[in-house]
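First the structure, in the form of structure tokens, and then the observations on it.
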2 protein chains.
Amino acid sequence: MSLSYSCIYGLRASVLLAGRQEDGFVTIREISNELEISFHFLTKVLQRLTNSDILESYKGPNGGVKLAKDASNITIREIIDCLEENFTIPECALGLPIFQNHEACPFHEDWRELKGKIEKAVDTLTLHELAERDKKIFISNR
Amino acid sequence: MSLSYSCIYGLRASVLLAGRQEDGFVTIREISNELEISFHFLTKVLQRLTNSDILESYKGPNGGVKLAKDASNITIREIIDCLEENFTIPECALGLPIFQNHEACPFHEDWRELKGKIEKAVDTLTLHELAERDKKIFISNR
DNA sequence: ATATATTAAGATAAAGTAGTCTTTAATCTT
DNA sequence: AAGATTAAAGACTACTTTATCTTAATATAT
């Protein structure tokens, strides 16, 4: 099951903020311009992250949003859990319900192994690490 | 990107029909009962398979639907292509757009390998083979 | 012919997601 | 105090998917 745009936008904005943590508050307008995301829609997404105390916001001139804690203490999992309801990596690759039975599936073992790796990455990779890879990693809007 | 319910229903119904090819026409009502799928919705799904000449239908008493050709000549791919617009297995596992860059992704190689296996299975597994495994394979509605 | 069975087709509804627009609240600058 | 800046909040639109309901078309059986 793939991620909603809300979640993708939230992840991308979070990584951007992680790369600019020393800048203090960054306006949502600036983020939306840089990532080419609808300003109003992004505002709603970031509101949710703010309400979950992942971001901190400030109104008025020089206001904006910033990470509420150090980027090295925020995992991808936290962002996803906030923006995606009941996110789980499916038992079967791609969510195909054809091969849910273990013996019948020609690639069940491969998938289980990979699924484990992905889960570990989601649980442990931090925004800091992602921001560090910033030039290598290209987080697109699908 | 996971499959739509339309596609899942279509796949399940097709496998059922493959297991009963000698029975001739099977009513949609019977299929919907057996698979616990909304009759009217299933009707619409099977209509599309009929229009694509994957199924053959017959109205009136003793009517119903059946596979238009031998189950061993119908691959999963055909069903999916009919019911799912532009089905492709994503470059990144789960469609997460975070790790689309090859070097940056911690499990890109594993996924590519598995993706290849899945694509091959989708392209080559036939309804006949699936029906044969019928008791082992459990195709659920997610 | 008439009644029945069955798929086909169309209209509508309900829910979720994505996106837009407007107003309000908070904060700063002057 | 007034005006400008910025996030927060709410209303609304558009689209897609899933689902339901009703009617039409076709075939059979008696």
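Proteins come first, then strands; the chains are lettered A, B, ... in the order of their sequence lines, and each starts at number 1. Values below: every heavy atom of this structure, side chains too, minus hydrogens, waters and symmetry copies.
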Examine the side chains of B/Ser4 and B/Glu84 and answer whether a donor and an acceptor come within less than 3.5 Å of each other.
yes

Please report, rounded to the nearest Å, how far the P atom of D/dT6 is from the CG atom of A/Asn33.
12 Å

Once you apply a heavy-atom cut-off of 4.0 Å, does B/Leu46 come out as touching a base, just sugar-phosphate, or nothing?
nothing

Would you mind checking if A/Glu78 and A/Lys69 are paired as a salt bridge, meaning a charged N to carboxylate O distance below 4.0 Å?
yes

Below 4.0 angstrom from OP1 or OP2 of C/dG19, is there any side-chain N or O of A/Tyr9?
yes

I want to check one thing: is the phosphate of C/dA8, taken as OP1 and OP2, less than 4.0 Å away from some side-chain N or O of B/Ser57?
yes

Rounded off to whole Å, could you give me the CZ-to-P distance for the A/Phe39 and D/dA9 pair?
14 Å

With sugar-phosphate taken as primed atoms, P, OP1 and OP2 and all else as base, the protein-contact string of nucleotides 22-30 of chain C at under 4.0 Å (heavy atoms; B, S, -) is B--BSBSS-

Does B/Ser38 put a side-chain nitrogen or oxygen below 4.0 Å from OP1 or OP2 of D/dT20?
yes

Could you tell me how far apart B/Lys44 (NZ) and D/dC21 (C1') are, to the nearest whole angstrom?
10 Å

Does a salt bridge link A/Arg20 with A/Glu30, judged by any charged N lying under 4.0 Å from a carboxylate O?
yes

Which parts of nucleotides 12-17 of chain C does protein reach within less than 4.0 Å, heavy atoms only, written one letter per nucleotide 5' to 3' as B for base, S for sugar-phosphate only and - for none?
------

Check the distance between D/dA11's P and A/Gln47's CD and give it to me in whole angstrom.
14 Å

